[in-house]
Amino acid sequence: MKLTKTLSLFTGAALLLCSSVALANRFADVQVSATPLKDNVYMLTGAGGNMAAVAAPQGVLLIDSQYAELAEKIRASLKTLSPAELTTLINTHMHGDHVGGNAALAARADIIAHANVKTRLAANANFDPAGLPKTSITEKTTLNHYGVELVLEPMPASHTDGDLLIWFPAQNIVHMGDLMFQGRFPFVDTNNGGNVQQYIENTRYVISKIDEQTQVIPGHGELTNKAGLQRELAMMEQTLALVTAAKQQGVSEAELIAKGLGDEFKAWHWNFITEERWIKTLYQAVP
């Protein structure tokens with residue numbers, strides 16, 4: 001009995017160690033890189049949601065924090081842009097690939113987010129409370145970071161119920177968080193307040209506010225522009241219309257999945273939101 005118990009404990013410890021090593025190594029090959037946009041504003045990529053930074057000599061502002069395991073790589077990348085400390089972190093919404101690094105990166109900084117983000121993260125027992133937002137907003141808020149003005153705009157629930165748009169008016173840049181998945185079917189998180197029709201409406205709203213020179217930072221995918229956002233909108237409108245017509249004609253969800261959306265939409269499929277998952281999202285959104 002003692003031997004069995006000892007072996008059991010050893011096996012459990014070994015599995016835990018292997019799991020920890022695997023978790024630590026999952027981003028071993030990830031490089032965090034920064035692309036200059038305008039006036040000390042940068043887009044940063046790594047793993048998870050796209051970040052942005054305002055790298056002023058007096059202090060650094062960061063939008064989103066990806067994963068905790070990437071904190072040192074993110075910090076190192078920021079140091080190549082400015083020697084100053086991170087003073088402000090803005091979260092575009094509550095998903096782990098956008099807030100996972102909050103505590104590791106910004107425990108001493110002001111963390112700003114939609115009020116619903118703090119509520120949802122505080123209810124998550126696995127989220128480090130040191131990374132909870134310190135400043136919660138529910139209405140459009142202007143922030144000046146050492147000469148660079150940002151406008152934080154809470155949006156009607158679409159991707160989640162805690163989405164923020166981050167505008168840089170003078171630089172003609174907008175960070176959309178996961179209100180845009182460039183060239184991919186989007187994720188509408190209905191379990192956390194997401195809504196397909198409002199996602200489309202929010203996309204239309206942004207298009208109405210930007211011009212052909214606007215630099216659009218999506219939550220996932222490459223830096224894009226108004227034309228890229230218009231393509232995204234057209235895809236959503238067309239696929240929603242297809243699914244709506246099929247459902248009204250009595251086509252079941254399973255039948256529609258088997259048929260697919262057509263060859264013109266194959267390129268939008270990706271590993272997280274596959275064509276099947278996008279069809280299910282749209283089908284469930286149609287009354």
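Counting from 1, the numbers follow the sequence of the chain as shown. What you see is a predicted model; the values in this text were computed from it and never measured.
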What I'd like to find out is whether the side chain of [X] reaches to under 4.5 Å of the side chain of [Y], using heavy atoms alone.
| X | Y | answer |
| --- | --- | --- |
| Pro133 | Leu121 | yes |
| Thr203 | Leu179 | no |
| Lys247 | Gln249 | no |
| Arg120 | Phe127 | no |
| Leu261 | Glu275 | yes |
| Leu240 | Val286 | yes |
| Asn91 | Ile111 | yes |
| Arg204 | Ile200 | yes |

### Message
Taking the ring of His93 and the ring of His114, is the distance between their centroids below 6.0 Å?
### Response
no
### Task
Measure from the ring center of Phe187 to the ring center of Phe181 and say whether it is less than 6.0 Å.
no
### Query
How about Glu139: does its CD atom have over 12 heavy atoms from other parts shown lying under 6.0 Å from it?
no
### Task
Dump the intermediate steps for side-chain contact (heavy atoms from CB on, under 4.5 Å) on Glu276 and Ile279, then the final yes or no.
CA-CA 5 Å; Glu276 176 179 343; Ile279 289 171; 5.8 Å; no
### Message
Check the orientation of Trp278 and Phe185. Use parallel for under 30°, tilted for 30 to 60°, and perpendicular for over 60°.
### Response
parallel
### Task
Describe, in one word, how the ring planes of His220 and Trp270 are oriented to each other, choosing from parallel (under 30°), tilted (30 to 60°) and perpendicular (over 60°).
tilted
Path from [X] to [Y] over hydrophobic side-chain contacts below 4.5 Å:
| X | Y | result |
| --- | --- | --- |
| Val188 | Ile273 | yes |
| Leu89 | Ile173 | no |
| Phe272 | Val30 | no |
| Ile63 | Tyr42 | no |
| Trp167 | Met43 | no |

Distance-only side-chain donor-acceptor flag, [X] / [Y], under 3.5 Å:
| X | Y | value |
| --- | --- | --- |
| Thr92 | Asp64 | yes |
| Asn102 | Ser65 | yes |
| Thr160 | Asp163 | yes |
| His159 | Asp189 | no |
| Tyr205 | Glu153 | yes |

Consider side chain to side chain contact (heavy atoms under 4.5 Å, CB included). Of [options], which one does [X] pass it with?
| X | options | result |
| --- | --- | --- |
| Leu150 | Thr142, Thr88, Ile90 | Ile90 |
| Gln171 | Asp39, Val54, Leu37, Thr214 | Asp39 |
| Met176 | Leu229, Ile166, Ile217 | Leu229 |

### Query
If only atom types and distance count, is the side chain of Tyr67 paired as donor or acceptor with the main-chain N or O of Gly48 below 3.5 Å?
no
### Query
Salt bridge between Lys280 and Glu253, side-chain N to carboxylate O under 4.0 Å?
no
### Task
Please assess Met51 against Gln66 for the test side-chain contact (heavy atoms from CB on, under 4.5 Å), listing each intermediate value before the final yes or no.
CA-CA 8 Å; Met51 299 172 287; Gln66 296 196 347; 3.5 Å; yes
### Message
Run the side-chain contact (heavy atoms from CB on, under 4.5 Å) test on Val32 and Leu44 for me, step by step, so that the C-alpha distance in whole Å, both residues' side-chain angles and the decisive distance to 0.1 Å come before the verdict.
### Response
CA-CA 7 Å; Val32 176; Leu44 281 75; 4.3 Å; yes
### Heavy-atom closest contact (Thr138 atom, Ala115 atom, distance)
CG2-CB, 3.6 Å
#### Entry: Shortest non-hydrogen separation from Ile210 to Lys226 and the atoms involved
O-NZ, 3.3 Å
Side-chain donor/acceptor pairs under 3.5 Å, residues 74-81, sequence neighbours excluded:
residue : atom : partner : partner atom : Å
Arg75   : NH1  : Glu72   : OE1          : 3.4
Arg75   : NH1  : Glu72   : OE2          : 2.5
Arg75   : NH2  : Ala104  : O            : 2.7
Lys79   : NZ   : Pro83   : O            : 2.9
Lys79   : NZ   : Ala84   : O            : 3.4
Lys79   : NZ   : Glu85   : OE2          : 3.2
Thr80   : OG1  : Ser77   : O            : 2.5

### Task
Before giving the answer on side chain to side chain donor-acceptor pair (under 3.5 Å), spell out for Asp211 and Asn172 the whole-Å C-alpha distance, their side-chain angles and the decisive distance to 0.1 Å.
CA-CA 9 Å; Asp211 59 36; Asn172 199 12; 3.0 Å; yes
#### Entry: Criterion side chain to side chain donor-acceptor pair (under 3.5 Å) on Ser158 and Asn195, from CA distance to verdict
CA-CA 5 Å; Ser158 56; Asn195 179 282; over 6 Å; no
